[in-house]
Amino acid sequence: MYQQFLLSYETELRLYLRPQRQLKMDRTKMSIQQLITPEKHNLGGFSVQRILPSETLKMVGPFIFFDHLGPAIFPAGKGVDVRPHPHINLATVTYLFEGSLLHRDSLGTVQEIFPGEVNWMTAGKGIVHSERSPESFREKESTLHGIQTWIALPEIAEEVEPSFSHYPATDLPRWTQTGTSATLIAGSYQSHQSPVITYSATLYLALVFTEGSQFQLAPIEGLERAVYSVTAGLFLNGKPLEPYRLAVLAPDESVDIRAGAEAKAMIIGGAPVGDRTKYWNFVSSRSTRIEQAKRDWQDRRFPAVPGETEFIPLPDNSDHGSSATPLS
């Protein structure tokens, strides 16, 4: 009996006196539910890191697609040419760190986007758009670097009228927390509210760190959250986070994000909107809606993009899109 008591006492003492480093590692494990490694896709001249969907995770909140573009260097005369392609029942979001893109859509929109700005296109019942490098980008060697995401619309809003909104960088909430610059792309966080119109509870933040700066990410009731490391140099609760990794966070944990060097991160999340079916560039809560969209595209019943003449045939079998349409 005494030996059992002594063994139990020694075990509790070791746990109590274990190194602080071990405690930090345990806290990190509790904070991170899943760590997603991207698939690298070569898109003819540049590559993307595709985070969502992955084999083990389809969505974080309403985010159903996440591509990290570049950074890609294009020689003079070259650029991105994503031909017209369709979407339904989702919103596409473009946010750049470097370079520019020219958006055209079947509503007649023509909008160039620059770093720090937001292009938000609500596909709703159906829209077609193209993404190309503008002539000014092609005049000299240029770099493209940014994030492309799709956000699944809630069922009640899946068939809304399509629309497009552009938000200048000066319209987005910006603040500094412990040396880290934060930009609220969409949704709300603490006392900040983005002007970007969303259809469900959304969290989308861009963080820029200086060496030694930090950001305390608070939990938000009912919202899923994840941290994406755009660059190296980041630590989650003291543990290094490799670049191009999506750390899916526990729902009720506050997470400390620190930087050992200049670094960038994105925070995505929001309220879950339920399961979705995804085929090529189509997303819907209803598989029958996907089948209808496929027929409509094959029969060219989608509206055309003014000034565009190219057509992408429907892929025979597609889980997350053909190489011709990575940019939303």
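Computed from heavy atoms alone, side chains included, the values below leave out hydrogens, waters and symmetry copies. Residue numbers start at 1 and run along the sequence shown.
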TODO: Would you check, one step at a time, whether the test side-chain contact (heavy atoms from CB on, under 4.5 Å) holds for Val255 with Asn237?
DONE: CA-CA 6 Å; Val255 177; Asn237 290 341; 4.1 Å; yes

TODO: Would you sort out whether His129 and Met121 count as a side-chain contact (heavy atoms from CB on, under 4.5 Å), showing the intermediate values?
DONE: CA-CA 9 Å; His129 76 131; Met121 185 184 74; 3.6 Å; yes

- [ ] Mind running side-chain contact (heavy atoms from CB on, under 4.5 Å) on Ile151 and Thr92 for me, showing each step along the way?
- [x] CA-CA 6 Å; Ile151 294 180; Thr92 68; over 6 Å; no

Open item on the list: Does Ile147 form a side-chain contact (heavy atoms from CB on, under 4.5 Å) with Tyr204? I'd like the steps, not just the answer.
Closed with: CA-CA 11 Å; Ile147 304 292; Tyr204 196 10; 3.4 Å; yes

TODO: Starting from the C-alpha separation in whole Å, work towards a yes-or-no answer on salt bridge (Lys or Arg N to Asp or Glu O under 4.0 Å) for Glu155 and Arg286.
DONE: CA-CA 9 Å; Glu155 289 184 36; Arg286 299 151 291 156; over 6 Å; no

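Classification of Glu253 and Arg225 as a salt-bridged pair fails, no side-chain N sitting under 4.0 Å from a carboxylate O. Between Glu159 and Arg289 there is a salt bridge, since a side-chain N of the basic residue sits under 4.0 Å from a carboxylate O of the acidic one. Arg104 and Glu131 are not joined by a salt bridge, as no carboxylate oxygen comes within less than 4.0 angstrom of a charged side-chain nitrogen. The pair Arg132-Glu310 meets the salt-bridge criterion, with a side-chain N (NZ, NE, NH1 or NH2) lying under 4.0 Å from an Asp/Glu carboxylate O. Using a cutoff of 4.0 Å between basic side-chain nitrogens and carboxylate oxygens, Lys239 and Asp256 are not scored as salt-bridged.
Minimum interatomic distance between Phe164 and Leu107 (heavy atoms only, all atoms of both residues): N-CD1, 4.0 Å. Closest of all the heavy-atom pairs between Ala247 and Leu241 is CB-CD1, 4.3 Å. Closest approach of Ser254 and Gln216 over heavy atoms only: OG-NE2, 3.0 Å. Nearest heavy atoms, Gly187 versus Thr198: N-CG2, 4.5 Å. Nearest heavy-atom pair across Ser188 and Leu203 is O-CD1, 3.8 Å. Nearest approach of Val60 to Gly269, heavy atoms of both residues: CG1-CA, 4.0 Å.
Remark: side-chain polar atoms of Ser229 are paired, donor with acceptor, to backbone N or O of Arg245 under 3.5 angstrom. A distance-only check finds no donor-acceptor pair linking the side chain of Gln111 to the backbone of His166 [under 3.5 Å]. At distances below 3.5 Å, at least one donor-acceptor pair connects side-chain atoms of Trp297 with backbone N or O atoms of Ile312. At distances below 3.5 Å, not a single donor-acceptor pair connects side-chain atoms of His87 with backbone N or O atoms of His85. Between the Thr202 side chain and the Ser200 main chain, a donor and an acceptor come within less than 3.5 Å of each other. Within the 3.5 Å criterion, the main-chain N or O of Glu158 finds a donor-acceptor partner in the side chain of Asn89. Looking at Ser133, its side chain does come within 3.5 Å of a backbone N or O of Val80 through a donor-acceptor pair. Of the possible polar contacts, none joining the Thr176 side chain to the Gly179 backbone as a donor-acceptor pair under 3.5 Å is found. No donor-acceptor distance shorter than 3.5 angstrom exists from the side chain of Arg174 to the backbone of Ser181, with no hydrogens or angles considered. In terms of modelled atom types and a separation under 3.5 Å, the side chain of Ser142 and the main chain of Phe137 share a donor-acceptor contact.
The CD atom of Gln49 sits 14.0 Å away from the CD1 atom of Ile36 when rounded to the nearest 0.5 Å. Taking OG1 from Thr183 and NE2 from His192, the interatomic distance works out to 10.5 Å, rounded to the nearest 0.5 Å. Here the straight-line distance linking atom OH of Tyr279 with atom CD1 of Ile88 works out to 12.5 Å at 0.5 Å rounding. The distance from atom CD of Glu291 to atom OG of Ser284, rounded to the nearest 0.5 Å, is 11.0 Å. Remark: Ile51 CD1 to Leu57 CG distance equals 10.5 Å, nearest 0.5 Å.
Transitive grouping of hydrophobic side chains (ILVMFWY, heavy atoms separated by less than 4.5 Å) brings Met266 and Tyr167 into a common cluster. Criterion: ILVMFWY side-chain heavy atoms under 4.5 Å apart, direct or through other members. Under it, Val196 and Phe114 are not part of a common hydrophobic cluster. Under the 4.5 Å side-chain heavy-atom criterion for ILVMFWY residues, a single connected hydrophobic cluster contains both Leu249 and Phe209. By the rule that hydrophobic residues join a cluster once side-chain heavy atoms approach within less than 4.5 Å of another member, Ile220 and Val227 end up as members of one cluster. Under the 4.5 Å side-chain contact rule for hydrophobic residues, Leu314 and Phe302 share a cluster.
His68 and Tyr244 form no side-chain donor-acceptor contact under 3.5 Å, judged by distance and modelled atom types alone. No side-chain donor from either of Gln214 and Thr180 sits under 3.5 Å from a side-chain acceptor of the other. Thr94 and Gln148 share a donor-acceptor pair across their side chains, judged by distance under 3.5 Å alone. For the residue pair Thr210/Glu262, the side-chain donor-acceptor check at 3.5 Å is not satisfied. Side-chain contact check for His103 and Asn119: no donor-acceptor pair (N or O, by modelled atom type) lies under 3.5 Å. Under 3.5 Å, the side chains of Arg295 and Gln298 contain no donor-acceptor pair of N or O atoms.
Through direct or indirect side-chain contacts shorter than 4.5 Å among Ile, Leu, Val, Met, Phe, Trp and Tyr, Val110 is connected to Leu102.
Within the cation-pi definition used here (under 6.0 Å to the ring centroid, within 45° of the axis), Arg300 qualifies as a partner of Phe311. The cationic atom of Lys294 (NZ for Lys, CZ for Arg) does not lie both less than 6.0 Å from the six-membered ring centre of Phe282 and within 45° of the ring axis.
Ring pair Tyr189/Trp175 is parallel by interplanar angle, where below 30° counts as parallel and above 60° as perpendicular.
Listed by first then second residue, pairs satisfying salt bridge (charged side-chain N to carboxylate O under 4.0 Å, His left out) with a partner in residues 161-170 read Lys125-Glu161, not counting sequence neighbours.
Atom CG of Asp299 has more than 12 heavy atoms from other residues, nucleotides or ligands within 6.0 Å.
In summary, the aromatic rings of Tyr228 and Phe66 are positioned with their centroids under 6.0 Å apart.
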